[in-house]
Number of protein chains: 2
Amino acid sequence: MSKNHSPRKKQFLDESLKMIHEKGYKATTMRDLAERMGFEVSNIYNFIESKEALLESYLFQISEDFHSGIDHILESSYSPTEKLKALVSLNIRLTSTKPYQVGLLVNEWRNLKEPKLTRFVERRGEYEDKVRIIIREGIDSGEFRPFDMDIITHAVLSSVRWIYYWYTDHSEEVNPVELEKQLTEFILSGVVRPEAKNSIKRT
Amino acid sequence: MSKNHSPRKKQFLDESLKMIHEKGYKATTMRDLAERMGFEVSNIYNFIESKEALLESYLFQISEDFHSGIDHILESSYSPTEKLKALVSLNIRLTSTKPYQVGLLVNEWRNLKEPKLTRFVERRGEYEDKVRIIIREGIDSGEFRPFDMDIITHAVLSSVRWIYYWYTDHSEEVNPVELEKQLTEFILSGVVRPEAKNSIKRT
DNA sequence: ATATTAGGTGAACAAATGTTCATAAACCGG
DNA sequence: CCGGTTTATGAACATTTGTTCACCTAATAT
């Protein structure tokens, strides 16, 4: 067994991650990866067990990051609104740290094979349930509007799902503080100005 | 050349669409499709030119549907807020009519090959620009909050991108009217109650 | 009745793909 | 200098994949 991170292995893992993000898992062949690294295909198997195992490690790593992040939020004494803010913050922090892993999390999880696929989907379900808990709290306490639980959970999750794109394909520099502020404002208060809302109601 | 839609061809196109949505384009082989239809692989080529052309037709069809939809909205005399509402409505209408196509639009466009890939990405860019116009109008008129254009455009687009999931994987019955109401409320006004917002400010 | 078209078969193909194996430099701590 | 670990090669492999071709059958329109 090779120790976890020889410099060359780390380099390979980083490049592969990027390439899989760019081309997609299925479209990225072992020969593509080898060519990118400048060596022969067979050498890959000195670093990893299989293509499948490669994807698995990326996905479950980042998945657990999100879990431990949201667990801390749930255990906090924050109000629902503050928890939701913390959730946006978590998403931006993790995405800025590991943008390509987050990209895989969004796009490539379906390439997992059984039984890992089932395990992943279950784990993702657990994460969604944790988000649901925050929203449930907010609605019950009257802090949030009385939305349909499933719809609003999906809407909130979806609102932060595109962030990885900002950090990967969008080459310009990103200001995470501003991003967090804007996204939080959108999720908490929507796009319409309160004054404008009133004037519409009056009309 | 076969005429556009013999009954068997239509049946094949429908089943293929579903299967590609379920397994992903790359993971769906011609033999998979044939087996699902209960005939041999070679027969597929009596209906379509190639696997590639199959994906292209699905994607550009639905893409143009979205374009003609948003064009009507832009040409209308609606206020920015009403245009945004109409955009949500458009998304729900198209997604409820063609849920699997919308699924492909979200997940499988990257499997297009050049030069179609470039054309698709350009076209998608044009669509995003049209959304941007609505938001720009709203901000300029003071109806919307003064958000960063790129961030808010992505956030809005992202908020409606998950709907297909509701119609494909989520087997329970969907009430499109309620979905539209809730999603519109979320995008326009966010999750937090205005009263709650005030009480937080006061505290 | 005949010619055309829609629907279908089975074999074959070249190319691409993930993986294995035996082998060999190169590097490095002792 | 030695022995182990790291990094690399190249050939070979069994499968899988998209596609083609010659050929067949049944319906349908003229």
Side-chain angles (χ1 to χ4, degrees), chain A residues 1-59 104 108-117, chain B residues 1-59 104 108-117:
Chain A
M1 301 286 149
S2 53
K3 260 195 77 181
N4 231 2
H5 280 307
S6 48
R8 199 74 171 124
K9 172 171 180 176
K10 182 177 164 24
Q11 199 184 337
F12 168 76
L13 291 179
D14 289 351
E15 284 302 317
S16 299
L17 176 58
K18 268 188 230 174
M19 200 167 194
I20 291 176
H21 168 79
E22 287 161 12
K23 304 191 54 168
Y25 173 76
K26 284 268 179 190
T28 305
T29 72
M30 302 307 259
R31 281 162 183 85
D32 288 335
L33 296 177
E35 199 180 3
R36 175 105 143 212
M37 289 296 292
F39 52 55
E40 298 300 314
V41 211
S42 43
N43 195 23
I44 294 179
Y45 292 88
N46 288 320
F47 302 132
I48 61 166
E49 269 202 1
S50 66
K51 196 190 179 190
E52 212 185 324
L54 184 63
L55 181 66
E56 288 165 9
S57 73
Y58 292 139
L59 288 178
L104 295 204
E108 305 296 342
W109 60 269
R110 17 131 121 261
N111 294 301
L112 287 171
K113 289 176 186 167
E114 297 294 357
K116 301 277 181 169
L117 177 59
Chain B
M1 299 286 152
S2 51
K3 261 195 71 180
N4 230 0
H5 280 308
S6 47
R8 200 76 170 119
K9 172 172 179 176
K10 183 178 163 24
Q11 198 184 338
F12 168 77
L13 291 178
D14 289 351
E15 284 301 318
S16 299
L17 175 59
K18 268 189 230 173
M19 200 167 194
I20 290 176
H21 169 80
E22 287 161 12
K23 302 190 56 168
Y25 173 76
K26 284 267 178 192
T28 305
T29 72
M30 302 305 258
R31 282 159 183 88
D32 288 336
L33 296 176
E35 198 180 2
R36 176 106 143 207
M37 288 295 293
F39 52 55
E40 298 299 314
V41 211
S42 45
N43 195 25
I44 293 180
Y45 292 88
N46 288 320
F47 302 132
I48 61 167
E49 268 202 3
S50 65
K51 195 189 179 189
E52 211 185 325
L54 184 63
L55 181 65
E56 288 164 9
S57 73
Y58 291 140
L59 287 179
L104 293 204
E108 305 297 342
W109 60 270
R110 20 134 122 255
N111 293 303
L112 288 172
K113 289 173 186 167
E114 296 297 357
K116 301 276 180 170
L117 176 58

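The analysis underlying the following values was restricted to heavy atoms, covering all of them including side chains, and did not include hydrogens, waters or symmetry mates. Note on naming: letters A, B, ... go to the chains in the order of the sequence lines (proteins, then strands), and numbering restarts at 1 for each one.
- Atom P of nucleotide D:dG18 and atom CD of B:Glu49 are separated by 16 Å, given to the nearest angstrom.
- In B:Glu15, the CD atom is crowded: over 12 heavy atoms of neighbouring residues, nucleotides or ligands sit closer than 6.0 Å.
- For the pair B:Asn43 CG and C:dA6 P, the computed distance is 13 Å after rounding to whole Å.
- Per the geometry, CD belonging to B:Glu35 stands 13 Å off P belonging to D:dT16, to the nearest Å.
- Rounded to whole Å, atom P of C:dC28 lies 14 Å from atom CZ of A:Arg8.
- Residue B:Glu52 holds its CD atom at 8.5 Å from NZ of B:Lys116, rounded to the nearest 0.5 Å.
- One atom, CD of A:Glu40, and another, P of D:dA12, lie 15 Å apart when rounded to the nearest Å.
- No more than 12 heavy atoms of other residues, nucleotides or ligands shown are found within 6.0 angstrom of CD on B:Glu35.
- B:Leu33 contributes atom CG, which lies 11.0 Å from atom CZ of B:Arg31 (distance to the nearest 0.5 angstrom).
- Here the side chain of A:Lys51 is nearest to one of C:dG18, D:dT19, D:dT9, namely C:dG18.
- Distance CZ/A:Phe47 to CG/A:Leu54: 12.0 Å, rounded to 0.5 Å.
- Across the protein-nucleic acid pair, A:Ile44 atom CD1 and C:dT19 atom P stand 10 Å apart, rounded to whole Å.
- To the nearest angstrom, P of D:dT9 lies 11 Å from CE of A:Met37.
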Inset, instruction - Represent DNA chain C in dot-bracket notation, 5' to 3'. Only Watson-Crick or G-U wobble pairs with both distances under 3.5 Å count; pseudoknot-style crossings use [ ] and interstrand partners use |. - result: |||||||||||||||||||||||||||..|
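- One side chain, A:Glu108 or A:Asn111, offers a donor N or O that lies under 3.5 Å from an acceptor on the other.
- Comparing C:dT20, C:dG10, D:dG18 against the side chain of B:Met30 picks out D:dG18 as the nearest.
- Ion pairing between B:Asp14 and B:Lys10 holds under the 4.0 Å rule for side-chain N and carboxylate O.
- The 5' end of DNA chain C is approached more closely, in terms of each residue's nearest nucleotide, by B:Pro7 than by the other of B:Pro7 and B:Arg31.
- Out of D:dG18, C:dG18, D:dA8, the shortest distance to the side chain of A:Thr29 is found at C:dG18.
- Heavy atoms of A:Phe39 sit under 4.0 angstrom from primed sugar atoms or phosphate atoms, though from no base atom.
- Rounded to an integer number of Å, the gap from B:Phe47 CZ to C:dG8 C1' is 8 Å.
- For a distance-only test at 3.5 Å, the side chain of B:Asn46 fails to qualify as a donor-acceptor partner of the base of C:dA6.
- Taking every side-chain heavy atom of B:Ser6 into account, C:dG7 is the closest of D:dA8, C:dG7, D:dT6.
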